[in-house]
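Excluded from the calculations below are hydrogen atoms, water molecules and symmetry mates; all remaining heavy atoms, backbone and side chain alike, are included. Residue numbering restarts at 1 for every chain, and letters A, B, ... go by the order of the sequence lines. Small disclaimer: the values here were computed from a predicted structure and weren't measured.
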Amino acid sequence: MAERITPRTLKGFRDYPPEVMIPRERLIDTARRVYRSYGFSPIDTPALEYLEILAGKGSEETDKQLYKFQDHGGRWVGLRFDLTVPLARFAAQHINELGVPLKRYHVATVWRGENTQRGRYREFMQCDFDTIGTRSVAADIETALVIHDLLQAIHIGPFTIHLNNRMVLNGLLEKLGLAGQSVPVLRALDKLAKIGPQQVAEEMVAQAGMTAQQAADVLKLAAISGSNQDVLRSLESLVAGNALGSEGVARLADLLGGVRAAGVAEERIKLDVSIARGLDYYTGTVFETTLDALPGIGSVCSGGRYDNLAELYTSQQLPGIGASLGLDRLLAAMEELQLIEKVSTAAPVLIAYFDESRLHDYLRLATAIRAAGIGVELFPDAKKLGQQLKYADRRGFRIALIAGGDEFAAGTCQVKNLAAGTQQNVPLDEGAGSLIAAIQEMLTG
RNA sequence: GUGGCUGUAGCUCAAUUGGUUAGAGUACCAGAUUGUGGAUCUGGGUGUUGCCGGUUCAAGUCCGGUCAGCCACCCCA
């Protein structure tokens, strides 16, 4: 016997069986539909890019996580680790043909060679949407609305979109004479919920070179709470006299007003000065979205505004705003909330292969039902009916069609509702119209 | 990248602490009136105890390595 190769997957890489893939695709479809409804258009870019494009950001961490190698022509190449860098390159290369604003969405796989943990894999999918080429707060509002509609569309229950604006913090830092220290400050601030104000203050003193008083002043910002209007008022007085900070507060007010005008319920939106997002390229509005039922899993949709997306690749100024749906997290949440039905068939109807001499009749039936836009599977073997029904049940089919000699003689077909256990005899008329109507009624009812 | 925990059937777990042929539930397959599933009954073990090596008369059990998973740190563009 030949030596066998052990079937296995790489660390951090996953197989997706049907019952995982079906809800996954459904979620992605919903995201695409919502993105499109706002005029975002799909793009795609190569998985593999010149290493210099990907490594352009130059941070050590990036470099460590990047999958890189020499291709057959000796070129140094790497797998994309997010969709933002490819977008920047794409925009720099094509913006003159496409014009602004450029509204695109991109659903694609990315790779990071980082250490794995629950929910952190080396290959995963991102679902980004961005608006490039405008500073208008209208784009910020629209981004919030897309997040809102998306979460609404997946029926996952109440959620909260947390809003902040980097300009507020940067304005405050300017006022305190700490301009330029926003990166270490944000990094420390981001840990607030985890390690508490005391340790955050210590880290700020140690990492950002702040005095204890300055750290306390910054933490004062993070401690602001109350209704959105209360927060706005507190922020106004905190950054009073600083142009940047005041603009940030004004933009938050505009964003809030716009979202409200578009009909979003008040409780869906929360000004939250404590959210920072770890990413240091955000310069204005930042978003995080949590599920009220599962705050512990963190943000399921995050993003923000950046000043200059493509500065590494072009002299053209390309401001933008966008966000990314946390697909894996969202699916984990749906699983935990038991919103995912265990289904491993993509078609709702199974035709039992009952009578071997009737194969052509079954095929004609299937064709007619498919033509009506309904997915049908014909069981491939003329096994015992009980087994076929068991198969239908296990896979999660909704309806089984049963037709044998008796039915064909009477010119009918049995339509069986598998969940309810009920069934009815439907005449097989020309074009199977009655049958299709019965199926449709059963599927919607 | 650092440190810790774990790895037995598809899944959840057992195996008297090193003792001889690795078990149970569930799932799966076949059958129980060759036309009706989710129930019941019968039969079937489907496993290189993750992998490689070491210690020992004897290893699922102890040791080392490796691979994988989980947790914390780091980081998360």
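- Not one N or O on the side chain of A/Q387 forms a donor-acceptor pair closer than 3.5 Å with the backbone of A/K384.
- Between A/K64 atom NZ and B/C76 atom P the separation is 11 Å, expressed in whole Å.
- Across A/R75, A/K68, A/R80, A/R89, a single residue satisfies salt bridge (charged side-chain N to carboxylate O under 4.0 Å, His left out) together with A/E49, and that is A/R89.
- Across the P atoms, B/A14 and B/G7 are found 9 Å apart, a figure rounded to whole Å.
- In this structure, A/E430 places its CD atom where only 12 or fewer heavy-atom neighbours from other residues, nucleotides or ligands lie under 6.0 Å away.
- A gap of 10 Å separates the P atoms of B/A9 and B/C51, to the nearest Å.
- Judged purely by atom type and a 3.5 angstrom limit, A/D307 has no side-chain atom pairing as donor or acceptor with the backbone of A/P319.
- B/C29 and B/G45 have their C1' atoms separated by 11 Å, given to the nearest Å.
- Looking at A/L418 and A/L389, their side chains come closer than 4.5 Å, going by heavy atoms from C-beta outward.
- Using cut-offs of 30° and 60° on the angle between ring planes, the pair A/Y391 and A/F397 is tilted.
- Comparing the C1' positions of B/G10 and B/C71 gives a spacing of 26 Å, expressed to the nearest Å.
- In this structure, the CZ atom of A/R112 is 17 Å from the P atom of B/G1, given to the nearest Å.
- A side chain to side chain contact (heavy atoms under 4.5 Å, CB included) with A/V349 is found for one member of A/L365, A/I399, A/L378 and no other, namely A/I399.
- We find that CD of A/E203 is positioned 12 Å from C1' of B/C74, with the value rounded to whole Å.
- More than 12 heavy atoms of other shown residues, nucleotides or ligands fall within 6.0 angstrom of atom CZ in A/F124.
- Distance check on atom C1': B/C73 versus B/C13 gives 32 Å, rounded to whole Å.
- A/D130 and A/Y306 share a donor-acceptor pair across their side chains, judged by distance under 3.5 Å alone.
- The separation of B/U56 from B/U61, taken at their P atoms, amounts to 16 Å, rounded to a whole angstrom.
- Classified by interplanar angle (parallel below 30°, tilted 30° to 60°, perpendicular above 60°), the ring pair A/Y353/A/Y362 is perpendicular.
- Ring-plane geometry between A/Y35 and A/F129 is classed as tilted, the angle between the planes lying from 30 to 60 degrees on a 0 to 90 degree scale.
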Every protein N/O lying under 3.5 Å from an N/O of nucleotides 64-70 of chain B:
{"from": "B/A68", "atom 1": "OP1", "to": "A/K11", "atom 2": "N", "distance (Å)": "3.3"}
{"from": "B/G69", "atom 1": "OP1", "to": "A/G12", "atom 2": "N", "distance (Å)": "3.0"}

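- A/R358 places no side-chain N or O within 3.5 Å of a backbone atom of A/G405 that could act as its donor or acceptor partner.
- Using P as the reference atom, B/U26 and B/C67 are 38 Å apart when rounded to the nearest Å.
- Where pairing requires Watson-Crick or G-U contacts shorter than 3.5 Å, the helical stems of RNA chain B with at least three consecutive pairs are B:1-7 with B:67-73, B:10-13 with B:23-26, B:28-32 with B:40-44, B:50-54 with B:62-66.
- Regarding A/E114, its CD atom lies at a distance of 15 Å from the C1' atom of B/U2, rounded to whole Å.
- On the C1' atoms, B/C76 is 39 Å away from B/G60, given to the nearest whole Å.
- Glycosidic conformation of B/U17 is syn; the angle stays within 90° of 0.
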Open item on the list: Generate the contact string for nucleotides 25-43 of chain B. Rules: B means base contact, S means sugar-phosphate contact only, - means no protein heavy atom under 4.0 Å.
Closed with: ---S-SSS--BBBB-----
